[in-house]
Amino acid sequence: MKPVLICGNWKSNKTTREAAEWVEKFKQQATNGIAQNVTGIIAPSFPLLSFFKQKITEHNLPLQLAAQDVSPFPFGSYTGAVAALQVKEFAQWVIIGHSERRKYFKEDDQLLANKVDEAKTAGLSIIYCVSGVDTLIPEGVDVVAYEPVAAIGTGQAENPSVANEIIAALKLKSKCSVGIYGGSVTTENVESYISQTAIDGVLPGKASLDPVMFAQLIQHAST
Ligand code: PGA
């Protein structure tokens with residue numbers, strides 16, 4: 001079985017109490033751990049990273065942590081920014097370049113390249129999101145995530161064989177050996193992506209907010 005990466009992107013959702021409920025339910029679902037070939041990652045918002053890290057240790061949860069974003073600057077006078085070294089205290093991974101960051105926060109290629117530099121310097125593994133083959137990809141990212149904008153949060157998931165072709169092209173272009181798909185991934189359609197030759201995982205948003213669904217998604221991805 002090939003290695004599979006599943007990264008749940010919580011976006012701007014959940015209080016600490018809601019996250020605790022999620023952990024409790026996920027724990028019950030994942031009592032037998034997860035398949036050896038699967039890496040399960042959760043990307044909560046910044047204030048939940050510390051809480052999540054504690055819970056992972058406390059319950060020995062089969063999960064790693066990602067931040068959803070990182071500062072393009074090092075430590076310094078950058079009010080509101082969270083530097084890569086601060087992220088690294090809690091998370092191994094960081095998502096950079098999500099289409100919502102590009103759209104709502106006007107993040108451009110240069111700014112994203114600076115984030116990649118900072119993340120690399122801090123030793124974070126980078127999941128870099130793009131909406132197609134024309135999007136620039138900075139050197140040295142660890143995972144390239146193909147997320148067609150029309151598929152995000154709409155229930156209109158991309159055709160798996162089209163996603164496969166685009167991810168194959170993205171892996172070649174970025175010299176990145178891991179390519180994943182994101183956009184309306186569900187427990188029902190996850191296998192249709194994972195079974196594609198070039199697709200090494202998925203990046204579910206909405207489906208990761210429900211602990212039962214996320215645990216099932218991980219189970220389906222490992223079969
Ligand atoms: P979605 O989000 O699964 O809710 O479509 C995916 C994403 O934006 O990463």
Side-chain angles (χ1 to χ4, degrees), residues 4-14 18-19 22 26 38-46 48-49 52 63-70 87 91-107 112 115-116 119 124-133 135 137 141-160 162-164 166-167 170-171 174 176 178-196 199-221:
V4 170
L5 195 143
I6 314 248
C7 179
N9 176 9
W10 275 12
K11 307 190 180 184
S12 198
N13 289 295
K14 293 196 192 291
E18 289 166 340
W22 188 100
F26 179 81
V38 179
T39 301
I41 302 171
I42 280 291
S45 39
F46 287 127
L48 295 175
L49 281 172
F52 233 112
L63 292 173
Q64 297 179 11
L65 284 176
Q68 298 170 17
D69 185 31
V70 68
V87 171
Q92 275 169 257
W93 299 85
V94 63
I95 300 172
I96 297 179
H98 192 282
S99 62
E100 288 153 10
R101 300 293 316 171
R102 295 175 194 261
K103 179 177 173 191
Y104 298 116
F105 301 91
K106 310 281 177 258
E107 297 192 353
L112 294 172
K115 291 186 177 203
V116 167
L124 288 162
S125 298
I126 299 162
I127 300 173
Y128 197 79
C129 299
V130 302
S131 58
V133 283
T135 314
I137 304 175
V141 305
D142 300 276
V143 175
V144 60
Y146 168 51
E147 296 215 305
V149 175
I152 296 178
T154 59
Q156 309 290 314
E158 176 72 281
N159 177 298
V162 173
N164 188 54
I166 294 173
I167 289 172
L170 286 169
K171 284 162 80 171
S174 63
C176 183
V178 185
I180 64 176
Y181 167 76
S184 299
V185 172
T186 62
T187 45
E188 284 76 34
N189 67 19
V190 64
E191 282 161 281
S192 67
Y193 293 103
I194 301 298
S195 60
Q196 302 290 326
I199 302 183
D200 306 294
V202 287
L203 184 42
K206 204 164 163 219
S208 69
L209 292 172
D210 182 320
V212 177
M213 234 183 253
F214 189 65
Q216 283 171 354
L217 210 142
I218 287 177
Q219 278 152 17
H220 288 209

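All ligand and atom numbering here is 1-based and tracks the order in the structure.
- Those atoms of ligand 1 that come under 4.0 Å of a heavy atom in His98, given as number and element, are 7 (C), 8 (O), 9 (O).
- For atom 9 (O) of ligand 1, the nearest non-hydrogen atom from the set Glu100, Lys11, Glu147, Gln68 belongs to Glu147.
- Pairs of residues two or more places apart, or lying in two chains, that qualify as salt bridge (Lys or Arg N to Asp or Glu O under 4.0 Å) and include a residue from residues 92-106 are Lys11-Glu100, Asp69-Arg101, Arg101-Glu107, Arg102-Asp109.
- Side-chain contact between Tyr181 and Ile166: absent, with no pair of heavy atoms (C-beta onward) separated by less than 4.5 Å.
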Atom pairs and distances, donor-acceptor, side-chain atoms in residues 142-150, under 3.5 Å, two or more places apart:
| residue | atom | partner | partner atom | Å |
| --- | --- | --- | --- | --- |
| Asp142 | OD2 | Ile126 | N | 2.7 |
| Tyr146 | OH | Glu158 | OE2 | 2.7 |
| Glu147 | OE1 | His98 | NE2 | 3.1 |

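- Atom 3 (O) of ligand 1 has as its closest protein heavy atom Gly205 N, 2.8 Å.
- With a 4.0 Å cut-off on non-hydrogen atoms, Ile152 touches ligand 1 through its backbone as well as its side chain.
- For atom 4 (O) of ligand 1, the closest heavy atom belonging to the protein is Lys206 N, 2.9 Å.
- Residue contact annotation: Gly182 has no non-hydrogen atom under 4.0 Å from ligand 1.
- Tested against Val202, the residues Ile180, Ile194, Ile218 include a single side-chain contact (heavy atoms from CB on, under 4.5 Å) partner, Ile194.
- Contact between Ala207 and ligand 1 is absent, with no heavy atom of the residue lying under 4.0 Å from the ligand.
- Between Asn13 and Ser45, the shortest heavy-atom contact is O-OG, 4.1 Å.
- The contact set between ligand 1 and Asn9, taken as ligand atoms under 4.0 Å from a residue heavy atom, comprises 9 (O).
- Between Trp10 and Phe214, every side-chain heavy-atom pair lies at or beyond the 4.5 Å cut-off.
- Using modelled atom types, no side-chain atom of Thr39 and backbone atom of Leu5 make a donor-acceptor pair closer than 3.5 Å.
- For ligand 1, the atoms sitting less than 4.0 Å from at least one non-hydrogen atom of Ser184 are 1 (P), 3 (O), 5 (O), numbered in the order shown with element in parentheses.
- The distance from atom CG of Leu203 to atom CD1 of Ile95, rounded to the nearest 0.5 Å, is 5.0 Å.
- Scanning all heavy atoms of the two residues, the minimum distance from Tyr193 to Ala157 falls at OH-CB, 3.2 Å.
- Near Gly183, the atoms of ligand 1 lying under 4.0 angstrom from a non-hydrogen atom of the residue are 5 (O).
- Atoms of ligand 1 found under 4.0 Å from any heavy atom of Leu203, numbered from 1 in the order shown, are 6 (C), 9 (O).
- The proximity of Ala151 to ligand 1, defined as any non-hydrogen pair under 4.0 Å, is limited to the backbone.
- The heavy atom nearest to atom 5 (O) of ligand 1, considering only Cys129, Ala43, Gly153, Pro148, is found in Gly153.
- Ligand 1 places these atoms under 4.0 Å from at least one heavy atom of Pro204: 3 (O).
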